[in-house]
Amino acid sequence: MSAPQNRLTISGSIIELAQLRHTPAGLPVLQFRVAHASEQIEAGLPRQVECELQAVALGPNALLIQGARPGDQVELAGFLAARSARSKQPVLHVERIEFMEGK
């Protein structure tokens, strides 16, 4: 049996950026939201899909995304984790950010 997998890659538009903050250890943290819209094939038929996703970037990625603006197109890769011990709402923990301008 293979090890459990938790990888997500998604592209979309930044719709909200929080203020940069720092952990008690001094690590920069930035929370933001991304909107995704695309056409996917499901059961052999095209389907329009839209969603919004909470994301968080730490360290150098937080500093990188800090320069973004709402409306900027990005491709994000990372893993999903619960928002907190009390809230199981998924949050994308970003490990890679690529700005899609000019692509």
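Below, each value reflects all heavy atoms present in this structure, side chains not excepted, and no hydrogens, waters or symmetry copies. If you read the sequence from its start, that first residue is 1, and numbering goes on from there.
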Separation of Glu52 CD from His36 NE2 (nearest 0.5 Å): 12.0 Å

Gln31 side, atom CD; Arg83 side, atom CZ - distance, nearest 0.5 Å: 7.0 Å

Positive for side-chain contact (heavy atoms from CB on, under 4.5 Å) with Leu92, one of Thr9, Leu53, Val34: Leu53

Straight-line distance of Gln73 CD to Met100 CE, nearest 0.5 Å: 8.5 Å

More than 12 heavy atoms of other groups within 6.0 Å of Arg86 CZ: no

Any pair counted as ring-ring contact (aromatic ring centres under 6.0 Å, His included), so long as it reaches residues 51-81, sequence neighbours left out: Phe79-His93

Any donor-acceptor pair under 3.5 Å from Glu16 side chain to Ile14 backbone: no

ILVMFWY cluster, Ile97 and Val56 together (side-chain gap under 4.5 Å): no

Which atom of Ala57 lies closest to which atom of Ala62, heavy atoms considered: O-CB, 3.3 Å

From Glu50 atom CD to Glu39 atom CD, the distance as rounded to the nearest 0.5 Å: 12.0 Å

Approximate separation, where rounding is to 0.5 Å, of Arg33 CZ and Gln54 CD: 5.0 Å

Single-linkage hydrophobic cluster Leu20~Leu76, side-chain heavy atoms < 4.5 angstrom: yes

ILVMFWY cluster, Val91 and Ile10 together (side-chain gap under 4.5 Å): no

Within one Ile-Leu-Val-Met-Phe-Trp-Tyr cluster: Leu58 and Phe32, side-chain cutoff 4.5 Å: no

Heavy-atom closest contact (Ile15 atom, Pro70 atom, distance): O-CB, 4.3 Å

Same apolar cluster: Leu30 and Val94, side chain cutoff 4.5 Å: yes

Ile41 side chain reached by Pro46 side chain, heavy atoms, under 4.5 Å: yes

